[in-house]
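Just below is one structure, and these are the notes that go with it.
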Amino acid sequence: MPEGHTLHRLARSHQKMFGKAPVEVSSPQGRFEASAKLLDGLPLARAEAHGKHLFHRYGRDLVVHVHLGLYGTFTEGPVPAEPPRGQVRMRLVGATHFADLRGPTACELLTDHEVAAVRARLGADPLRRDADPEQSWARLSRSRTPLALQLMDQRIFAGVGNVYRAELLFRHGLDPMLPGTALGRERWDEMWVDLVALMRDGVRKGRIDTVRKEHTPRATGRAPRVDRHGGEVYVYRRTGQPCLVCGTSVQLTELAGRNLFWCPSCQPAAA
DNA sequence: GATCTATGTAGAT
DNA sequence: TCTACCTAGATCG
């Protein structure tokens, strides 16, 4: 379930369950076996996330890099670990809990240098203290590429996915196709602050809620879509349903092979 | 049980 | 722009 908040949540959970104690690392499926053997029994020094990337550091030049991609999942449970079910790429077993990784796009052992290279390609992560939104703004405001595409560009914003993109544009009343060059600095500052708050809320709750109090069902009589993330959202996957603010039918457009959800009335094209 | 769909990315064409 | 990856929940019948 992978937007940035999920990865930060996993990092936090792994740090808590496995941090600073020896971990049994294995690859029941076999595809990570050689690396798992190098790590097995070492203490996990630190788990952290940058955007949608997760890093488990065991020591110098011993960093597991995980990217869940579209399908990847981590499941966890108390020890003793059950027999592996399905294709478990990596299993971690600690003193109290175990975690299974299935279906990731990436699960690989990297050197510090390689980790630095991965991270150098990533833009500002709203969930990291070291995020530099000035860099994102410099890039965003220089490009005529539509905001909807730029928000999903991990080189500019690390961790923003299809849900946060759609919801952020809606919350700020922006046409998804508006060129980056047409966005004002003040509006941008508001968006960044809002994005940080939304994603932090996502980490805390483990779900993406974006609907303001005044637009909840009690206030409007219009039921928000509770997505299978468990979150209440304005437009994401609400195609054809009435906009929670104005009642207009939510639209679906395909953009660069991804579904883009928006309200044509709340997010009008600039005249 | 079968089928569809998706919060993503890399690599081929 | 297309395809592969190859999980799991929702939906269909």
Side-chain angles (χ1 to χ4, degrees), chain A residues 1-11 27-32 49-55 65-77 82 84-91 99-108 110 114 117-123 125-127 145-146 148-171 176 195 198-211 224-241 250 252-262:
Chain A
M1 302 179 163
E3 291 204 26
H5 70 299
T6 302
L7 279 298
H8 280 265
R9 204 174 156 83
L10 283 170
S27 179
Q29 172 211 47
R31 282 180 59 183
F32 188 63
H50 186 156
K52 299 166 190 168
H53 299 253
L54 176 67
F55 301 96
H65 168 228
V66 173
H67 195 296
L68 295 178
L70 191 51
Y71 317 123
T73 58
F74 264 105
T75 54
E76 55 191 57
E82 64 208 37
R85 278 176 297 101
Q87 300 288 305
V88 177
R89 182 79 61 89
M90 176 173 73
R91 167 169 279 190
D100 283 347
L101 171 63
R102 295 183 180 82
T105 284
C107 174
E108 56 188 353
L110 299 185
E114 289 166 328
V118 170
R119 294 194 52 189
R121 290 198 297 268
L122 297 174
D125 177 347
L127 291 171
T145 300
L149 288 174
Q150 296 210 55
L151 282 170
M152 292 268 282
D153 187 337
Q154 301 298 299
R155 295 168 300 183
I156 308 178
F157 301 97
V160 176
N162 209 2
V163 185
Y164 283 119
R165 154 180 80 175
E167 296 299 306
L168 188 69
L169 288 170
F170 178 89
R171 284 168 62 97
L195 182 59
L198 283 175
M199 292 184 73
R200 280 190 184 156
D201 183 70
V203 175
R204 193 162 56 245
K205 298 199 289 207
R207 54 183 265 177
I208 300 178
D209 286 328
T210 62
V211 177
R225 163 65 179 269
V226 176
D227 198 71
R228 64 165 170 254
H229 312 75
E232 288 183 357
V233 291
Y234 282 107
V235 290
Y236 179 71
R237 284 210 311 210
R238 289 192 67 245
T239 313
Q241 296 176 54
V250 171
L252 166 64
T253 306
E254 192 172 310
L255 183 64
R258 304 297 303 277
N259 290 330
L260 170 66
F261 303 88
W262 55 292

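Below, chain A is the first sequence line, B the second, and so on; all start at residue 1.
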Item to check | Whole-Å gap separating C1' (dC6(C)) and CG (Leu70(A)) | outcome: 10 Å
Next on the checklist: Tell me whether Asp125(A) contacts the main-chain N or O of Gly159(A) through its side chain, where contact means a donor paired with an acceptor under 3.5 Å.
Outcome noted: no
Item to check | Short side-chain N/O contact to dA8(C) OP1/OP2 from Thr73(A), under 4.0 Å | outcome: yes
Checklist entry - Between dT7(B), dC6(C), dT7(C), which nucleotide has the shortest distance from any of its atoms to the side chain of Arg31(A)? => result dC6(C)
Checklist outcome for this item: In whole angstroms, the gap separating C1' of dT7(B) from CZ of Arg238(A) amounts to 18 Å
Next on the checklist: I need the OH-C1' distance between Tyr236(A) and dT5(B), as an integer number of Å.
Outcome noted: 10 Å
Next on the checklist: Measuring only the P atom in each nucleotide, how far is dG13(C) from dT5(B)? A whole number of Å is fine.
Outcome noted: 12 Å
Checklist entry - Does dC2(C) have a Watson-Crick or wobble partner in any strand here, with both distances under 3.5 angstrom, and which is it? => result dG11(B)
Checklist entry - What nucleotide among dG8(B), dT7(B), dA8(C) has an atom nearest to a side-chain atom of Arg102(A)? => result dA8(C)
Item to check | Side-chain (Gln87(A)) to main-chain (Gly103(A)) donor-acceptor, under 3.5 angstrom | outcome: no
Next on the checklist: Treating Lys52(A) as the side-chain partner and Val160(A) as the backbone partner, does any N or O pair qualify as donor plus acceptor under 3.5 Å?
Outcome noted: yes
Item to check | Backbone of Thr145(A) reached by a side-chain donor or acceptor of Gln150(A) within 3.5 Å | outcome: yes
Item to check | Gap between atoms NE2 and C1', on His67(A) and dT7(C) respectively (whole Å) | outcome: 15 Å
Next on the checklist: What is the distance, to the nearest angstrom, from the CD1 atom on Ile208(A) to the C1' atom on dT7(B)?
Outcome noted: 6 Å
Next on the checklist: For the P atoms, the ones on dA8(C) and on dA10(B), what distance do you get once it is rounded to whole angstrom?
Outcome noted: 22 Å
Checklist outcome for this item: Separation of dT9(B) atom P from Lys52(A) atom NZ, nearest Å, is 4 Å
Checklist entry - Are any of Arg258(A)'s side-chain N or O atoms less than 4.0 Å away from OP1 or OP2 of dT7(B)? => result yes
Item to check | Proximity to the side chain of Asn162(A) - top-ranked nucleotide from dG8(B), dT7(C), dA6(B) | outcome: dG8(B)
Item to check | Nucleotide dG8(B), atom C1' - distance to CZ of Arg165(A) in whole Å | outcome: 12 Å
Checklist entry - What is the base-pairing partner of dT11(C), counting Watson-Crick and G-U wobble geometry with both distances under 3.5 Å? => result dA2(B)
Checklist outcome for this item: Rounded to whole Å, the NE2-C1' distance (His5(A) to dT7(B)) equals 8 Å
Item to check | side-chain hydrogen bond (donor to acceptor under 3.5 Å, both in side chains) assessment of His5(A) paired with Asp201(A) | outcome: CA-CA 9 Å; His5(A) 70 299; Asp201(A) 183 70; over 6 Å; no
